[in-house]
Amino acid sequence: MKNKKWLLSAVMAMVVLVMMTGTALTASAAAVNFSVSGGSVKAGDTIAVEVSVKGNGIAGIEGELVFDDAAFSIANAEQTDVLDPNGIVIFNETDGKFGTGKFVYASAKSKDLNGTVFTYTLKALDTANGDYELKFDGLMVAGQDGKEIESEGGTALLKVQGTGTPHQVAGKTSAGGDSTMLILIIAGVVLAGLVAVFIVLSIRKKRVGGYYR
């Protein structure tokens, strides 16, 4: 009976640990999530890159599509009808020429967004070749009350088929891998703990009651 109580206590402690960790992960999850599309393009050609957002009560967004300007240039940028049509969108554009991928969106009323909000047309320069990372960064999201809403950007990979020196991306190019690894580690710790519990119980039972079938 004591062994059963001890086992139950150990299992409950592990369950509580996992629940606490899961709660922490959930609490840190961003309320607004952005993603950016990748793809493949030939050097000298253009490719459409979509910036998508999923979140509620959004009245303003400030951000930037970050790319390697030694490999790409912005040919065009436009908003979609997912945003408030009465809102204001300002791109980093002068006389039809785009500088960086920065933009500002502001609306008098908040709106729930779920879909592509901006489409950038990037041109791969003739010297580009290999893999390049796209990142949606520098985020500032606000509600109608002006308060900042927690948000998280996204990354993607663009592959360019060219003849120049191959370019490679250092490190990871996709988000979400860290959380998956953490969950696997937690599961491994719990499993190892349960195995240890059963081993200890088996040894105790053999010492007290002899070998069993």
Side-chain angles (χ1 to χ4, degrees), residues 25-42 44-125 128 131-160 169 172-179:
L25 287 174
T26 302
S28 63
V32 178
N33 290 278
F34 290 85
S35 62
V36 57
S37 64
S40 179
V41 61
K42 292 183 179 180
D45 289 348
T46 60
I47 183 172
V49 174
E50 297 180 345
V51 175
S52 300
V53 59
K54 184 177 182 180
N56 299 327
I58 300 174
I61 304 173
E62 181 179 357
E64 179 180 6
L65 179 67
V66 181
F67 57 91
D68 189 338
D69 58 6
F72 300 95
S73 63
I74 300 178
N76 190 34
E78 56 186 10
Q79 71 185 85
T80 71
D81 56 6
V82 171
L83 296 174
D84 179 10
N86 296 318
I88 299 174
V89 175
I90 302 175
F91 292 105
N92 185 12
E93 176 188 7
T94 303
D95 297 330
K97 295 182 179 180
F98 293 86
T100 64
K102 293 181 179 180
F103 73 87
V104 174
Y105 160 73
S107 174
K109 61 180 181 180
S110 61
K111 184 179 181 181
D112 297 342
L113 303 178
N114 186 8
T116 301
V117 290
F118 299 109
T119 299
Y120 285 84
T121 301
L122 297 185
K123 180 178 181 180
L125 304 183
D131 296 341
Y132 298 87
E133 184 181 49
L134 284 177
K135 182 187 296 184
F136 194 73
D137 205 358
L139 298 174
M140 174 66 179
V141 181
Q144 190 173 359
D145 56 3
K147 293 183 179 180
E148 183 176 357
I149 303 174
E150 186 179 1
S151 59
E152 182 177 356
T155 60
L157 193 67
L158 274 182
K159 294 180 176 291
V160 180
V169 176
K172 62 182 181 181
T173 58
S174 60
D178 291 343
S179 298

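Nearest heavy-atom pair, G57 versus D112, reported as atom, atom and distance to 0.1 Å: N-OD1, 2.9 Å. Heavy atoms only, all atoms of each residue included: V41 and A124 are closest at CG1-CB, 4.0 Å. For the residue pair G143 and I149, the shortest heavy atom distance occurs at N-CD1, 3.7 Å. Considering all non-hydrogen atoms of both residues, K135 and D137 come closest at CD-OD2, 3.6 Å. Residues A156 and G38 come closest through the heavy atom pair CB-N, 3.7 Å. Nearest heavy-atom pair, K123 versus G44, reported as atom, atom and distance to 0.1 Å: CE-O, 3.5 Å.
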Start with the C-alpha gap between Y132 and F67, add the side-chain angles, then the distance that decides, and say whether side chain to side chain contact (heavy atoms under 4.5 Å, CB included) holds.
CA-CA 8 Å; Y132 298 87; F67 57 91; over 6 Å; no
Trace of the side chain to side chain contact (heavy atoms under 4.5 Å, CB included) decision for L134 with L122:
CA-CA 11 Å; L134 284 177; L122 297 185; 3.9 Å; yes
Stepwise side chain to side chain contact (heavy atoms under 4.5 Å, CB included) check, F72 with V160:
CA-CA 10 Å; F72 300 95; V160 180; 3.5 Å; yes
Carefully, step by step, assess F103 and I61 under the rule side chain to side chain contact (heavy atoms under 4.5 Å, CB included).
CA-CA 8 Å; F103 73 87; I61 304 173; 3.8 Å; yes
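For the atom pair CD (E64) and OG1 (T100), the distance works out to 4.5 Å, reported to the nearest 0.5 Å. Interatomic distance, OG1 of T46 versus CG of N76, reported as 10.0 Å (0.5 Å rounding). Interatomic distance, K109 NZ to N86 CG, rounded to the nearest 0.5 Å: 6.5 Å. Interatomic distance, CD of E148 versus CD of E62, reported as 10.5 Å (0.5 Å rounding). Here the straight-line distance linking atom CG of N92 with atom CG of L65 works out to 12.0 Å at 0.5 Å rounding. The CZ atom of F118 sits 11.0 Å away from atom CD of E78, with the distance rounded to the nearest 0.5 Å.
The number of heavy atoms from other shown groups lying within 6.0 Å of NZ (K111) is above 12.
Listed for the T121 side chain is no donor-acceptor partner under 3.5 Å among the backbone atoms of A75. Y105 contributes no side-chain N or O that, together with a main-chain N or O of G63, makes up a donor-acceptor pair within less than 3.5 Å. Distance alone, capped at 3.5 Å, is enough to place a donor-acceptor pair between the Q144 side chain and the A108 backbone.
For K159, the side chain to side chain contact (heavy atoms under 4.5 Å, CB included) criterion is met by S40, D131, L157, not counting sequence neighbours. For S35, there are no side chain to side chain donor-acceptor pair (under 3.5 Å) partners, not counting sequence neighbours.
Screening T116, N114, L113 against S52 for a side chain to side chain contact (heavy atoms under 4.5 Å, CB included) leaves a single residue, T116.
In this structure, the side chains of I58 and S110 stay at 4.5 Å or more apart for every pair of heavy atoms.
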